Amino acid sequence: MAISLASIQRNRPKPPRIIIHGEPGVGKTTFAACAPSPIFVQTEDGLGNLDVPSFPLATSFDDVMEALGSLYTEAHTFRTLVVDSLDWLEPLVWQKVCQQHNVPSIETLGYGKGYVEALGWWRQFFEGVTALRDHKSMTIIMVAHSQIVRVEDPALPAYDSRDLKLHKRAAAVAEEFADIILYAAIQTNTVTEDVGFNNKRIRATTTGERIAHTVGQPAFLAKNRYNLPSPLPLAWDAIAAYLPGATESPAAPAQAAPAEAQAA
């Protein structure tokens with residue numbers, strides 16, 4: 001292709017690809033459900049009482065890809081894709097590798113070969129959600145749990161950090177594709193107390209406020225390509241205010257009525 005001034009293009013802002021991770025129960029799924037017009041692809045049964053549209057629970061990697069394909073090829077009004085969760089998607093990716101090689105376990109392939117082959121399916125998934133972002137203008141939110149990993153830094157003593165609960169190879173690919181990685185947590189402070197005899201004790205306290213860290217620290221994985229301040233309240237509107245072209249959610253999703261009330 002000949003390159004000239006006539007070939008210059010203008011970069012148009014696209015919806016973000018977001019990964020949000022944290023401990024169970026901190027509010028990751030609720031955050032995602034408050035994004036505009038969400039549709040959930042579930043790999044775990046984590047919606048609880050949230051009344052939001054979702055595909056049937058995926059039990060295979062093909063189920064997940066078929067859901068992405070239907071959103072790409074069929075007309076709809078959904079504006080946000082939520083995948084909940086990446087770490088429950090991972091066994092489905094491994095299952096796909098095992099089916100491909102007719103083996104009972106990904107470890108059977110030996111020497112980490114199975115995890116390397118799994119990257120091909122992971123990339124297919126991330127390319128699928130990116131196609132929905134690029135061609136259907138859908139915001140992508142991928143939920144994940146956190147795990148504590150040991151970081152061996154040649155310049156520092158080893159330390160613990162909260163990372164995505166994925167195999168390290170898959171986690172690296174996920175970090176590469178994400179425009180924003182949020183670490184969701186409950187605001188925690190420490191207080192140093194004098195307990196006598198020149199001894200001190202450090203006690204943790206919390207306000208109960210749920211926050212989203214947008215910039216990485218040694219203690220946790222986070223990043224963003226939008227110069228977001230950190231931390232922010234763990235709420236969609238607080239994040240969307242800083243995203244080009246993003247809009248606030250019109251309302252929080254309704255809580256589903258208990259089964260007894262629905263039957264009444």
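For reference, positions follow the sequence shown, starting with 1. Here the structure is a predicted model, which means the values were calculated and not measured.
Counting heavy atoms from C-beta outward, L89 and W122 have side chains that approach closer than 4.5 Å. In this structure the side chain of P233 never reaches within 4.5 angstrom of the side chain of I211, judged on heavy atoms. The closest side-chain heavy-atom distance from L92 to T59 is not below 4.5 Å. Residues V173 and F125 have side chains not in contact (no heavy-atom distance under 4.5 Å, counting atoms from C-beta outward). The shortest side-chain heavy-atom distance between Y242 and P229 falls under the 4.5 Å cut-off. At a threshold of 4.5 Å between non-hydrogen side-chain atoms, the residues F220 and S146 do not count as touching. No side-chain heavy atom of L71 sits less than 4.5 Å from a side-chain heavy atom of K136. Counting heavy atoms from C-beta on, the side chains of K165 and E90 never come closer than 4.5 Å.
Interatomic distance, D160 CG to I148 CD1, rounded to the nearest 0.5 Å: 6.0 Å. Interatomic distance, T139 OG1 to L132 CG, rounded to the nearest 0.5 Å: 11.5 Å. Put simply, CD on E66 and CG on L68 are 10.0 Å apart, with the number rounded to the nearest 0.5 Å. Note that the CZ atom of F31 and the CH2 atom of W236 stand 6.0 Å from one another [nearest 0.5 Å]. Between the CE atom in M142 and the CD1 atom in I19 there is a gap of 4.5 Å [rounded to 0.5 Å]. Here the CG atom belonging to L243 is positioned 6.0 Å from the OH atom belonging to Y226, to the nearest 0.5 angstrom.
The ring pair (Phe, Tyr, Trp, His ring centres under 6.0 Å) check on W121 picks up F61, with sequence neighbours excluded.
Checking H21 against Q147 by side-chain atom types alone, no donor-acceptor pair falls below 3.5 Å. Checked by atom type, the side-chain pair Y183/E23 shows no donor-acceptor distance below 3.5 Å. Defined by atom type and a distance below 3.5 Å, a donor-acceptor pair is present between the side-chain atoms of R17 and T130.
Between the S161 side chain and the P218 main chain, a donor and an acceptor come within less than 3.5 Å of each other. Without hydrogens or angle criteria, T30 side chain to G27 main chain gives no donor-acceptor distance under 3.5 Å. Distance alone, capped at 3.5 Å, is enough to place a donor-acceptor pair between the N224 side chain and the T214 backbone. A distance-only check finds no donor-acceptor pair linking the side chain of S230 to the backbone of H213 [under 3.5 Å]. Looking at T80, its side chain does come within 3.5 Å of a backbone N or O of P36 through a donor-acceptor pair. Judged by distance alone, with hydrogens and angles left aside, the side-chain atoms of R210 form a donor-acceptor pair with the main-chain N or O of V26 at under 3.5 Å. Remark: side-chain polar atoms of S37 are not paired, donor with acceptor, to backbone N or O of R79 under 3.5 angstrom. Put simply, the side chain of H76 gets close to the backbone of F78: a donor and an acceptor are under 3.5 Å apart. In this structure a side-chain-to-backbone donor-acceptor pair under 3.5 Å is missing from D84 to V143.
Contact detail for V215 and L228: the closest heavy-atom pair is CG2-O, 4.1 Å. Minimum heavy-atom separation, S105 to C98: C-SG, 3.4 Å. Listed here is the closest heavy atom pair of A67 and V41: CB-CG2, 4.0 Å. The shortest non-hydrogen separation linking A144 to L164 is CB-CD2, 4.3 Å. Across all their heavy atoms, A184 and L234 have their closest contact at CB-CD2, 3.9 Å. For P38 against V82, the heavy-atom pair with the smallest separation is CB-CG2, 4.2 Å.
Other residues, nucleotides and ligands contribute at most 12 non-hydrogen atoms within 6.0 Å of the CH2 atom of W88. Annotation for N102: atom CG does not count as buried by contact number, only 12 or fewer foreign heavy atoms lying within 6.0 Å.
Remark: R150 does not engage D163 in a salt bridge, criterion side-chain N to carboxylate O under 4.0 Å. The pair D62-K96 counts as a salt bridge, with a side-chain nitrogen and a carboxylate oxygen less than 4.0 angstrom apart.
By the criterion of side-chain heavy atoms lying less than 4.5 angstrom apart, applied directly or through intervening Ile, Leu, Val, Met, Phe, Trp or Tyr residues, I181 is grouped together with F126 in one hydrophobic cluster. Cluster membership check: L50 does not share its hydrophobic cluster with L57, using side-chain heavy-atom separations under 4.5 Å among Ile, Leu, Val, Met, Phe, Trp and Tyr. When the side chains of ILVMFWY residues are joined at heavy-atom separations under 4.5 Å, either directly or via intervening members, I140 and I18 end up in two distinct hydrophobic clusters.
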